[in-house]
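Taking it in order: structure first as structure tokens, then the write-up.
So that the names make sense, note that chain A is the first sequence line, chain B the second, and so on, each numbered from 1. From a predicted model like this one, the values you see are computed outputs, not experimental measurements.
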Protein chains: 2
Amino acid sequence: MELPEAKQKFIEAWGKLGSEWGINRTMAQVHALLLVTPDALTTEDIMESLSISRGNANMTLRDLMSWGLVEKQHKAGERKEYFFADKNTWNIARQVAKERRKRELEPVLKILDELTKVQGDSKDPAYKTFNTSVTDINKMAKNVDKTLETMLKAEESWFWGSIFKMFK
Amino acid sequence: MELPEAKQKFIEAWGKLGSEWGINRTMAQVHALLLVTPDALTTEDIMESLSISRGNANMTLRDLMSWGLVEKQHKAGERKEYFFADKNTWNIARQVAKERRKRELEPVLKILDELTKVQGDSKDPAYKTFNTSVTDINKMAKNVDKTLETMLKAEESWFWGSIFKMFK
DNA sequence: ATAAACTTTCAATATATTTTGAAAGTTTAA
DNA sequence: TTAAACTTTCAAAATATATTGAAAGTTTAT
């Protein structure tokens, strides 16, 4: 397989994976493109590479920046804005974990905490089932939350080292 | 807050979380409903509770069964089929991890393995960047894969116990 | 101030996903 | 058999999500 074909496959695979995990396909593809490209690209470059419109490219790049995955670069004496992706995989994973935790996990934890407090007749099966399920899910969500917190603070080698101690 | 309102909130929250993670909202809602309901429900019950059509309820229930989250129950002397969800949160997490690993992670790992093998000029920045990114992502994906494998085999208390040793 | 170079916005459009519901299919009891 | 009870299917419709592209906005150089 030649490099251009390989790049294409990578971009497609990343786009598909993204869309299966609730991330806009185009956003994942732009990210993939920047990941396999050594130099920073202009909006124009990205539009052309992926055959997308200016508006789409612009919005997607802003989104990627808000996720902390892509940064702007200014080149001396140039008007155009260049974009590049952090290529450190551990940073990417941490950044995604951080954002999804904030945007999705935390709001759910807040609701679960509330629902855990709902009072009822402990003889009532409807109440018992509700309470047990919500309480258990809340516990698990808190475990996930704490693990993510640890991951966010951790160094990559330490994190996976600790994980792999589990296999022993 | 009263129980019916609390149930409603839980169903909504679960549906929203699901859709943010690439799971059909209705599917997550049906699952949530079954999680907080002590007894098995008929298609009819579910249609009514969530105001969805028969076709939708039927397809969603089949989906949930294919994910291993819901089972059919036959009641003696009755024609109707009843559905109930496994309410053990750890089982649910494992089941979801198992399916997503098989359906989404494994196909991507296969592609990454291929792309890792692509040959090129190690002096070429385009090749170097491609190769480094793909190789790094492949390593991380394999780490995730192994961790999931461990999780699938593990008992809940052992798994979280091991995770929490990481905090020490 | 002007205009060229570039970026952003957003209503309209296109695409993808989900849902409906009625018809077809199946199972069971008598 | 027959028919009632129940389940499944799937084309059409509804809804949700993503994309376009031209106009408006901004910045910079002269």
### Message
Closest-nucleotide mapping onto DNA chain D: is A/Arg79 or A/Ala57 further toward the 5' terminus? I mean the 5' end.
### Response
A/Ala57
### Separation of C/dA14 C1' from A/Ile52 CD1 (nearest whole Å)
16 Å
### Task
Please work out which of the three classes, parallel, tilted or perpendicular, describes the rings of B/Phe130 and A/Phe10, given edges at 30° and 60°.
perpendicular
### Message
Mind checking if B/Ser51 touches a base, just sugar-phosphate, or nothing, with heavy atoms under 4.0 Å?
### Response
sugar-phosphate
### Ion pair check, B/Arg94 and B/Asp86, cut-off under 4.0 Å
no
### Task
Taking only heavy atoms on the protein side, list every residue of residues 20-38 of chain B lying under 4.0 Å from any atom of DNA chain C, sorted numerically.
B/Asn24, B/Thr26
#### Entry: Residue whose closest nucleotide on DNA chain D lies nearer the 5' end, B/Glu44 versus A/Gly77
B/Glu44
### Query
So, A/Glu106 and A/Lys110, do they make that salt bridge, N to O below 4.0 Å?
no
### Message
For A/Trp21 and B/Glu104, which I'm curious about, is there any donor-acceptor pair between the side chains at under 3.5 Å?
### Response
yes
Ignoring hydrogens and angles, write down the donor-acceptor pairs under 3.5 Å from the side chains of residues 64-71 of chain A, residues two or more places apart or on other chains.
{"unit_1": "A/Ser66", "atom_1": "OG", "unit_2": "A/Asp63", "atom_2": "O", "d": "2.9"}
{"unit_1": "A/Ser66", "atom_1": "OG", "unit_2": "A/Arg103", "atom_2": "NH2", "d": "3.4"}

### Task
To the nearest Å, give me how far apart NZ (A/Lys80) and C1' (D/dT28) are.
15 Å
## Note on the structure
Here the distance between atom C1' of D/dT19 and atom CD1 of A/Ile46, to the nearest Å, is 16 Å
#### Entry: Any N/O donor-acceptor pair, B/Arg54 side-chain to D/dT8 base, under 3.5 Å
no
### Message
When you measure from the side-chain N and O atoms of A/Arg62 to the phosphate of C/dT7, is any distance below 4.0 Å, counting only OP1 and OP2?
### Response
no
### Task
For B/Gly55 and for A/Asn58, find the nucleotide of DNA chain C with the closest heavy atom, then tell me which residue's nucleotide is more 5'.
A/Asn58
### Task
Round to the nearest Å and state the distance from B/Met65 atom CE to D/dT7 atom C1'.
11 Å
### Task
Answer yes when A/Asp39 and A/Lys75 have at least one side-chain N-carboxylate O distance shorter than 4.0 Å, and no when they do not.
no
